[in-house]
Amino acid sequence: MRWKFGKLSRAAVIGAALALAGCAASRADLNPPLPADALTAIKVGQTTEAQVMTLLGQPELIKGVDGQLLFHYYHYTLKHGTVLLFSRINIASDDIYIFFDKQGIVQNVIAGNRTQNVKFQFWPFGS
Amino acid sequence: MPAPARLAFALVLALAPLLGACTPIVWTRTTINQPMKPADFAFISPGQTTWREVTDRLGAPNVIDPGPGGLIARYFSYDSAYFDADLGYGLNYVNPILAQLPHSLDTGGNGIGGDILTVVVNHAGIVTLVSFSKGDKTARFDVLPTEH
């Protein structure tokens, strides 16, 4: 089948191509998003270190804090937009901290979700 | 700068020249996390506020480190403003021979600033110290590298 473009359609295609010629949008992620359903399965006073690793995978960082073992999981999202001369890159992280007592049982879970507020923007000025 | 932010910033800095390579003038702004305002953490009163209250209101910190008999939590945001102008770009259109010779003449600058809220918590889970270091004013678009 042969494509037939009217003058108006051709002008629209050329116009759109020119308008988008200086535009770019991209996204990058560091680590996979943290599964929200797995987080709800973690119960304070019940879940063990091994069970947490089964649910969430290996932590990015393990620390000893205030006599407790601490697992730290994080996920970063980057959203970038460029229009002609202007670029903006927004980055945010989701962090999950899981504290364990000396018996290896979850004592506290702290979770944050900042990546849901990351926007694609291109204008670099202002807040 | 905490390790995850360092890695993210390294990625961004590696990308920045590529993003601006197609045009003779470029303004690029990079932010990591939303900036905090003093009103956001005005509720924290050392000696009274608990660690749970802090995390309930502010969410998970970016970093938790061991502290003296407790822990130290940090919430951070970074802001970077990058400007670059290639003053020799016009020579591309003057002479085809000149266009093949090195002729870029770049000027500009990159300002990076960071805000860090630090909360020190004791063994009983009570906040003992709050500190807010504000440095985002450093992030600005400088036309000349000699500005400041």
Side-chain angles (χ1 to χ4, degrees), chain A residues 21-26 28-31 34 39 60-61 63-68 70-99 107-119 121-127, chain B residues 2-5 7-9 11-13 15-16 18-20 22-35 51-52 54-56 58-73 75-85 121-125 136 139-141:
Chain A
C23 300
S26 59
D29 287 278
L30 177 66
N31 295 334
L34 303 167
L39 202 58
E60 268 69 48
L61 292 170
K63 293 180 183 177
V65 174
D66 195 20
Q68 299 172 306
L70 171 64
F71 284 6
H72 182 190
Y73 296 86
Y74 57 79
H75 159 237
Y76 275 75
T77 290
L78 177 155
K79 290 182 180 174
H80 149 249
T82 293
V83 173
L84 299 175
L85 313 177
F86 308 108
S87 287
R88 182 138 190 176
I89 301 165
N90 293 322
I91 303 171
S93 66
D94 297 334
D95 296 87
I96 295 177
Y97 298 92
I98 301 174
F99 291 82
Q107 197 179 54
N108 192 11
V109 178
I110 302 170
N113 187 349
R114 297 181 182 91
T115 59
Q116 64 185 357
N117 298 321
V118 181
K119 297 174 188 167
Q121 294 175 304
F122 74 90
W123 191 244
F125 308 105
S127 58
Chain B
L7 183 58
F9 241 114
L11 286 170
V12 169
L13 291 178
L15 279 172
L18 298 175
L19 298 175
C22 300
T23 57
I25 303 173
V26 64
W27 286 266
T28 301
R29 175 88 172 273
T30 304
T31 57
I32 299 181
N33 298 330
Q34 288 299 306
W51 171 227
R52 182 165 292 280
V54 172
T55 55
D56 284 348
L58 301 181
N62 298 101
V63 176
I64 295 177
D65 281 322
L71 60 86
I72 299 173
Y75 297 83
F76 63 75
S77 69
Y78 291 97
D79 197 6
S80 158
Y82 171 78
F83 173 80
D84 182 77
V121 181
N122 66 14
H123 184 72
D136 65 351
R140 58 186 192 188
F141 297 103

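Bear in mind the structure is a predicted one, so any value in this text is a computation, not a measurement. Proteins come first, then strands; the chains are lettered A, B, ... in the order of their sequence lines, and each starts at number 1.
Residue B:Thr55 touches chain A through its side chain alone, counting heavy-atom pairs closer than 4.5 Å. In this structure, chain B has a heavy atom under 4.5 Å from the side chain of A:Arg114, while its backbone stays farther away. In this structure, the portion of A:Asn108 lying under 4.5 Å from any heavy atom of chain B is its side chain and not its backbone. Of the two parts of A:Tyr97, only the side chain, counted from C-beta on, holds a non-hydrogen atom closer than 4.5 Å to a non-hydrogen atom of chain B. B:Phe83 does not touch chain A: none of its heavy atoms, backbone or side chain, sits under 4.5 Å away. Residue contact with chain B, scored on non-hydrogen atoms closer than 4.5 Å, is absent for A:Phe122. Interface residue B:Asp65: backbone and side-chain heavy atoms are both found under 4.5 Å from chain A.
Of the listed residues (B:Pro66, B:Pro61, B:Gly59), the greatest number of heavy-atom pairs within a distance under 4.5 Å of chain A belongs to B:Pro61. Heavy-atom pairs under 4.5 Å with chain A were tallied for B:Leu71, B:Val121, B:Ile64; the largest tally goes to B:Ile64. Between chain B and the residues A:Val65, A:Ile96, A:Asn113, the most heavy-atom pairs under 4.5 angstrom are made by A:Val65.
Here the CG atom belonging to A:Asn117 is positioned 10.5 Å from the CG atom belonging to B:Asn33, to the nearest 0.5 angstrom.
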message: Quick one, B:Tyr82 with A:Ile89, criterion side chain to side chain contact (heavy atoms under 4.5 Å, CB included). Give me CA distance, side-chain angles, the key distance, then yes/no.
response: CA-CA 11 Å; B:Tyr82 171 78; A:Ile89 301 165; over 6 Å; no
- request: Apply side chain to side chain contact (heavy atoms under 4.5 Å, CB included) to B:Thr31 and A:Arg88, showing your working.
  value: CA-CA 8 Å; B:Thr31 57; A:Arg88 182 138 190 176; 3.9 Å; yes
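Residues A:His80 and B:Thr28 form no side-chain contact, since every pair of their non-hydrogen atoms from C-beta on lies 4.5 Å or further apart.
When the shell of 6.0 Å around CD of B:Gln34 is examined, it contains 12 or fewer heavy atoms from other residues, nucleotides or ligands.
Between A:Gly112 and B:Ala60, the closest heavy-atom pair is N-CB, 3.4 Å.
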